[in-house]
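Note on naming: letters A, B, ... go to the chains in the order of the sequence lines (proteins, then strands), and numbering restarts at 1 for each one. Note that the structure is predicted; figures quoted are calculated from it, not measured.
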Protein chains: 2
Amino acid sequence: MTDIYRAIADPIRRKILRMVSQQECTQSDIVASFSISQPAIKKHLAILLEEQLLLERRVGKFCYYRLNTPVFQQAYLQLQSELGLVLDNKLAGLKHYLENLEEE
Amino acid sequence: MTDIYRAIADPIRRKILRMVSQQECTQSDIVASFSISQPAIKKHLAILLEEQLLLERRVGKFCYYRLNTPVFQQAYLQLQSELGLVLDNKLAGLKHYLENLEEE
DNA sequence: ATTTCATATAACCTTTTGGTTATATATAAG
DNA sequence: CTTATATATAACCAAAAGGTTATATGAAAT
């Protein structure tokens, strides 16, 4: 359920997220922004949809994509707190080291 | 170079990053923390080393791993600015929308 | 010297990823 | 009605990911 790490693993998907966050885009808008085929883009969109970071809207023959902002925001916050821990741990280790300098 | 997105794509690698950020660990420490085989852990370590997020130190038969803090920190900052853009764009879109409410 | 323990590596397997080309379908435009 | 355009899907491919078991190597302990 919403594996943002999977979603952002590919640079093409990260660029798609940036595009659709600026404004809704049709699939062909997106295809036109890259030098890979339409089915390849479709697969990236499928992964982003699967991870619920995108919403799609069908109008006639067009398919519009936009960011699923609440889901993205929540997943991104969670990512930050998970990865932030890594640096926090490092700081805690340094703090502990400094506090015990005289004992060693 | 240093594809942090690849490095963090797997939950096992994220947990390893957290472990070694608390304190240096031997490979067997790490193996003992998971329920997968030693060669499987070795492959995750290889990916983290390849992406330069880990440093290794050999002492006798032991191999110690620690976080490559500067590289991790820099890569994480870059990730944050790249993904932060997505939300910034969204806010900019909202701002633009609000500013032009009366015109539509 | 032999056993034990930590690590390394090889061979193998399955699934996922990231791409392709070709083709089908559905809507819009001429 | 026919053509053009947007999207969907199928079949295929190569490489990467994520795992396994079995085995080799190298250092430490008995």
Side-chain angles (χ1 to χ4, degrees), chain A residues 1-20 23-68 75 79 82-83, chain B residues 1-20 23-68 75 79 82-83:
Chain A
M1 48 128 309
T2 307
D3 183 352
I4 195 179
Y5 298 98
R6 177 190 181 215
I8 66 175
D10 189 277
I12 290 182
R13 289 197 292 274
R14 295 196 296 274
K15 190 176 167 193
I16 291 175
L17 287 173
R18 262 177 282 129
M19 284 189 67
V20 302
Q23 61 170 355
E24 256 193 348
C25 301
T26 65
Q27 187 181 132
S28 31
D29 289 338
I30 298 169
V31 169
S33 306
F34 296 92
S35 48
I36 62 175
S37 67
Q38 175 258 327
I41 292 294
K42 184 86 208 307
K43 287 187 186 178
H44 285 298
L45 291 171
I47 288 176
L48 291 169
L49 284 167
E50 212 179 303
E51 300 306 340
Q52 299 179 273
L53 295 175
L54 247 45
L55 295 170
E56 65 182 343
R57 181 171 64 99
R58 203 61 197 266
V59 178
K61 66 178 174 180
F62 297 97
C63 195
Y64 289 92
Y65 292 92
R66 65 184 187 281
L67 186 70
N68 191 344
L79 173 151
E82 188 175 1
L83 295 189
Chain B
M1 271 272 33
T2 306
D3 185 351
I4 195 181
Y5 298 99
R6 177 191 182 212
I8 66 176
D10 190 279
I12 290 183
R13 289 196 293 273
R14 296 196 295 274
K15 191 177 167 192
I16 291 176
L17 287 173
R18 259 177 282 130
M19 285 189 67
V20 302
Q23 61 170 355
E24 256 193 347
C25 302
T26 66
Q27 186 180 133
S28 32
D29 289 339
I30 297 169
V31 169
S33 306
F34 296 92
S35 48
I36 62 175
S37 67
Q38 176 258 327
I41 291 293
K42 184 86 210 303
K43 288 186 187 181
H44 285 298
L45 291 172
I47 288 176
L48 290 170
L49 284 168
E50 210 179 305
E51 300 306 339
Q52 298 179 273
L53 295 175
L54 247 46
L55 294 169
E56 64 182 344
R57 182 171 64 99
R58 201 63 196 263
V59 177
K61 66 178 173 180
F62 298 96
C63 195
Y64 288 92
Y65 293 91
R66 64 184 188 283
L67 186 69
N68 190 346
L79 173 150
E82 188 175 0
L83 294 189

Proximal nucleotide (of [options]) relative to the [X] side chain:
X: B:K42; options: D:dT7, C:dT21, C:dA8; answer: C:dA8
X: A:C63; options: C:dT7, C:dG19, D:dT7; answer: D:dT7
X: B:R58; options: D:dG18, D:dT20, C:dA8; answer: C:dA8
X: B:I12; options: D:dG19, C:dG18, C:dG19; answer: D:dG19
X: B:P39; options: D:dT7, C:dA10, D:dG18; answer: C:dA10
X: B:K43; options: C:dC12, D:dT5, C:dT9; answer: C:dC12

Between C:dA6 and B:Q38, counting only base atoms on the nucleotide and side-chain atoms on the residue, is there a donor-acceptor pair under 3.5 Å? no

Between B:E51 and B:D3, is there a donor-acceptor pair closer than 3.5 Å when you use the side chain of the first and the backbone of the second? yes

Round to the nearest Å and state the distance from [X] atom [atom1] to [N] atom [atom2].
X: B:F62; N: C:dT4; atom1: CZ; atom2: C1'; result: 11 Å
X: B:Q27; N: D:dT25; atom1: CD; atom2: P; result: 18 Å
X: B:Y5; N: C:dT17; atom1: OH; atom2: P; result: 18 Å
X: A:I30; N: D:dA8; atom1: CD1; atom2: P; result: 11 Å
X: A:D29; N: D:dT7; atom1: CG; atom2: P; result: 8 Å
X: B:I47; N: C:dT16; atom1: CD1; atom2: C1'; result: 13 Å
X: A:Y65; N: D:dT7; atom1: OH; atom2: P; result: 7 Å
X: A:R14; N: C:dT17; atom1: CZ; atom2: C1'; result: 15 Å

In the structure I gave you, are the side-chain heavy atoms of A:T26 and A:V59 within less than 4.5 Å of one another anywhere?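 Sidechains of A:V59 and A:T26: no contact.
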
OP1, OP2 of [N] versus side-chain N and O of [X]: anything below 4.0 Å?
X: B:S37; N: D:dT20; result: yes
X: B:H44; N: D:dG19; result: yes
X: A:T26; N: D:dA6; result: no
X: A:K61; N: C:dA26; result: no

Find which nucleotide of DNA chain C each of A:A40 and B:Y64 is nearest to by heavy atoms, and output the residue with the more 5' nucleotide. B:Y64

By nearest heavy atom, map A:P11 and B:V31 onto DNA chain C; which one lands nearer the 5' end? B:V31

Which atoms form the tightest heavy-atom contact between A:M19 and A:S33, and what is the distance? CE-OG, 3.3 Å

So which heavy atom on A:R14 is nearest to which on A:A9, and how close? NH1-O, 3.5 Å

Does one side chain, of B:E56 or B:Q27, offer a donor that lies under 3.5 Å from an acceptor on the other? no

Test applied, salt bridge (charged side-chain N to carboxylate O under 4.0 Å, His left out); reference residue, A:E82; option that passes from B:R18, B:K15, B:R13: B:R18

